[in-house]
Chemist: 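Sending over a structure as structure tokens; questions will come in a sec.
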Amino acid sequence: MKRREFLINSAITVAGLSLLMGTGEAKAVTGKKGIKKMKKSITLNYENIMPFINGNDIDNIIPKVKEARKILVEKSGAGKDYLGWLDLPVTMSQDLIKDIEETGKRIRETSDVLISIGIGGSYLGARAAISAVNGTYANELALLNSNGLAICYSGCDMSTSHLRSLLDLIKNKRVFVNVISKSGTTTEPAIALRVIYEALKEAVGEAEANKRIIATTDSKKGALKTLADSKGWKRFIVPDDVGGRYSVMTPVGLLPISASGMDIKAMLEGAKIAREDVKEEDIKKNIACLYAGLRNILYKKGKTVEIMSTFEDGLHYFGEWWKQLYGESEGKENRGIYPDSLDFSTDLHSMGQYIQEGERMLMETFIDVENGKFDIKVPHAETNDDGLGYLEGKTLRYVNRTALKGTAEAHKDGGVPNMTFTVPEIDEYYLGYLFYMFEYACGVSGYMGKVNPFNQPGVEAYKKNMFRLLGKPGSK
């Protein structure tokens, strides 16, 4: 098989635009002259998997991928009541989008800090997007320069030091709170809300505090809805047919993302294009379905752990989001691929040895970022004592991406099959595409594994024990 056959492009099609193959450009047919630049495709390269599978494995898995996709698209499988995310990119109302944007702008213009209170899917998608686009030190820069909005997270653990540090951070700051919980009774965010609400009331008074809290919750019932109504808090709705880990394209994720200054319409546009691309019938040209198929082939061959590896620190929380998505969706009935994520090259100096020579139950998925907003060149030095003379004038992005290629090759040679998604750049559009693509692939992969990808019964086990030990009334 030739090398180019391993490089699968996600086809981008937009009404009114015709793709010029291989150029990443499209000619607008709107009557305007000239060529309109168009977003390049995300690609999937799986060449480093081929030494580990048989020639017919991909052809043999295709019918199973198609069967699972049919269950997903026709909404005929377990969890079918939680598939509202499939159509969100095209069904979300313009009025809701406008409300989110206007609310996000108001938060940004009237606050120094937005505290997002939530756990799991209630905060991971937003945090993944915001950290990827705004950068590692965005909060520090906003607070240091008193210019911009710092976005902090609470209710995602029960650490005293975490909450105490947050309370110290927000002293003498203009604070807005977005509490995100469908029920309002999840322990971690419920505790955080109690504490932060009291601190906010003490700082600005109850009347003003109530103007500075927004609840994203159920439309009809629940403790948080009742509290929000009684206090007059503005509310956004968590759709009934969208589970937490699939909710980044709802107000759950979009409100804090918008408040950060990001373009949520561009995210929805990227998701909309992904929604069209996953309809491709040729599985070998459909990167979402192909990814689901490849990881299931490797799982059957004993590769029971999948690592998502990135060479961009801004994608750390994207890896955390991906871990929850796949872990909660597939880890059931004593089976499923165990998802983990690593930040390279940092973790090559901690986990690299194990990946290279440890237990051979690993597969790996890289995310390679082709371009960025800026770059840094390795400068000239008067002496070459550090041995870096050969890198002078080269960009750090070039060095970083070369490290990725070398790592992927080394891991393959060490017995770890791997594939690489190459993303032209990390912006709102491509994040929207990635969120939707991985969600869709997760649904397909879950149904291939014969589990319900949209429930999480095992999550309740620790809660029952915790409530019993804490003496919650009615617990056993």
Side-chain angles (χ1 to χ4, degrees), residues 3-4 7 22-25 37-45 47-48 128-148 150 260-262 307-319 341-357 364-414 416 418-431 434:
R3 180 179 177 85
R4 69 172 183 271
L7 193 62
T23 66
E25 296 182 344
K37 286 287 183 181
M38 181 176 175
K39 291 285 189 180
K40 291 174 63 179
S41 299
I42 293 174
T43 62
L44 173 61
N45 186 316
E47 184 175 8
N48 287 344
I130 293 166
S131 61
V133 170
N134 290 353
T136 304
Y137 297 110
N139 280 353
E140 289 85 346
L141 290 169
L143 293 172
L144 181 66
N145 299 326
S146 299
N147 180 24
S260 78
M262 290 173 59
I307 304 168
M308 173 171 280
S309 301
T310 72
F311 277 72
E312 294 289 342
D313 68 327
L315 290 176
H316 170 80
Y317 279 99
F318 189 87
S341 62
L342 295 174
D343 303 324
F344 291 160
S345 59
T346 301
D347 287 332
L348 287 175
H349 295 262
S350 60
M351 293 298 293
Q353 173 63 39
Y354 188 95
I355 297 171
Q356 196 69 42
E357 296 183 347
E364 192 168 19
T365 299
F366 289 95
I367 295 185
D368 175 27
V369 182
E370 194 171 4
N371 298 297
K373 296 178 182 177
F374 54 85
D375 210 340
I376 298 172
K377 286 187 177 181
V378 179
H380 170 73
E382 292 183 2
T383 65
N384 192 36
D385 294 342
D386 57 10
L388 295 181
Y390 72 103
L391 293 179
E392 289 181 4
K394 291 183 170 63
T395 67
L396 192 54
R397 182 168 297 278
Y398 169 77
V399 175
N400 200 34
R401 294 189 71 213
T402 302
L404 186 155
K405 293 175 183 176
T407 302
E409 184 176 342
H411 288 178
K412 181 257 296 180
D413 292 343
V416 179
N418 59 77
M419 49 188 152
T420 300
F421 286 98
T422 298
V423 185
E425 60 183 307
I426 294 298
D427 62 9
E428 293 92 336
Y429 174 91
Y430 285 114
L431 280 170
L434 286 171

Chemist: Could you grab the distance from atom CD of Glu370 to atom CD1 of Ile426, nearest 0.5 Å is fine?
Modeler: 11.5 Å
Chemist: Heavy atoms only: give me the nearest Gly389-Asn384 pair and the separation to one decimal.
Modeler: N-OD1, 2.6 Å
Chemist: When Gln353 is tested against each of His349, Gln356, Glu357 for side chain to side chain donor-acceptor pair (under 3.5 Å), which residue passes?
Modeler: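 Single side chain to side chain donor-acceptor pair (under 3.5 Å) partner of Gln353 among His349, Gln356, Glu357: Glu357.
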Chemist: Can Thr365 and Asn418 be said to form a side chain to side chain contact (heavy atoms under 4.5 Å, CB included), step by step?
Modeler: CA-CA 6 Å; Thr365 299; Asn418 59 77; over 6 Å; no
Chemist: What's the shortest heavy-atom distance between Lys40 and Tyr430, and which atoms?
Modeler: O-OH, 2.7 Å
Chemist: What distance separates Met308 CE from Thr310 OG1, expressed to the nearest 0.5 Å?
Modeler: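 Here the rounded value is 8.5 Å.
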Chemist: Assess whether atom NZ of Lys394 is packed by more than 12 heavy atoms of other residues, nucleotides or ligands within 6.0 Å.
Modeler: yes
Chemist: Do Thr420 and Asn45 get their side chains close enough for a donor-acceptor pair, meaning under 3.5 Å?
Modeler: no
Chemist: What is the minimum heavy-atom distance between His380 and Glu392, and which atoms define it?
Modeler: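 Closest approach of His380 to Glu392, heavy atoms only: ND1-OE1, 2.9 Å.
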Chemist: I would like to know whether Glu425 and Lys373 meet salt bridge (charged side-chain N to carboxylate O under 4.0 Å, His left out); could you show each step before the answer?
Modeler: CA-CA 8 Å; Glu425 60 183 307; Lys373 296 178 182 177; over 6 Å; no
Chemist: ring-ring contact (aromatic ring centres under 6.0 Å, His included) with Phe311: which residues, sequence neighbours excluded?
Modeler: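 Counting only residues at least two positions away or on another chain, Phe311 forms a ring-ring contact (aromatic ring centres under 6.0 Å, His included) with Phe344.
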Chemist: Got a second to check how far Ser350's OG is from Leu342's CG, nearest 0.5 Å?
Modeler: 7.0 Å
Chemist: Measuring only between side-chain heavy atoms, which start at C-beta, is Val416 closer than 4.5 Å to Asn48?
Modeler: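 Sidechains of Asn48 and Val416: no contact.
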Chemist: Are the side chain of Asn139 and the backbone N or O of Ala142 linked by a donor-acceptor pair below 3.5 Å?
Modeler: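 Absent.
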Chemist: So which heavy atom on Leu434 is nearest to which on Ile42, and how close?
Modeler: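 Of all heavy-atom pairs spanning Leu434 and Ile42, the closest is CD2-CD1, 3.9 Å.
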Chemist: Verify, without hydrogens or angle tests, whether Asp427 (side chain) and Leu431 (backbone) share a donor-acceptor contact under 3.5 angstrom.
Modeler: no
Chemist: First locate atom CD1 of Ile376, then atom CZ of Arg397, and finally report the distance between them rounded to the nearest 0.5 Å.
Modeler: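 It is 10.0 Å, given to the nearest 0.5 Å.
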Chemist: Work out which heavy atom in Ser41 is nearest to a heavy atom in Pro424; give both atom names and the distance.
Modeler: O-CG, 3.6 Å
Chemist: Does Asn147, at its CG atom, have more than 12 non-hydrogen atoms belonging to other residues, nucleotides or ligands within less than 6.0 Å?
Modeler: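 Open: at most 12 neighbouring heavy atoms sit under 6.0 Å from CG of Asn147.
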Chemist: Among Asp368, Thr395, Thr422, whose side chain to side chain donor-acceptor pair (under 3.5 Å) with Arg401 holds?
Modeler: Asp368
Chemist: State the CZ-CG distance between Phe421 and Leu44, to the nearest 0.5 angstrom.
Modeler: 4.5 Å
Chemist: Are the side chains of Phe366 and Lys405 in touch, meaning some heavy atoms are under 4.5 Å apart?
Modeler: no
Chemist: Would you say Glu312 and Ile367 make side-chain contact, with heavy atoms under 4.5 Å?
Modeler: no
Chemist: Answer yes if the side chains of His316 and Asp343 hold a donor-acceptor pair under 3.5 Å, and no otherwise.
Modeler: yes
Chemist: Could you give the distance from CD1 (Ile355) to OG (Ser309), rounded to the nearest 0.5 Å?
Modeler: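 Separation between the atoms: 5.5 Å.
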Chemist: Are more than 12 heavy atoms from other residues, nucleotides or ligands located less than 6.0 Å from atom OH of Tyr398?
Modeler: no
Chemist: Whether the side chain of Glu364 engages the backbone of Ala408 through a donor-acceptor N/O pair (distance < 3.5 Å, no angle test) should be reported.
Modeler: no
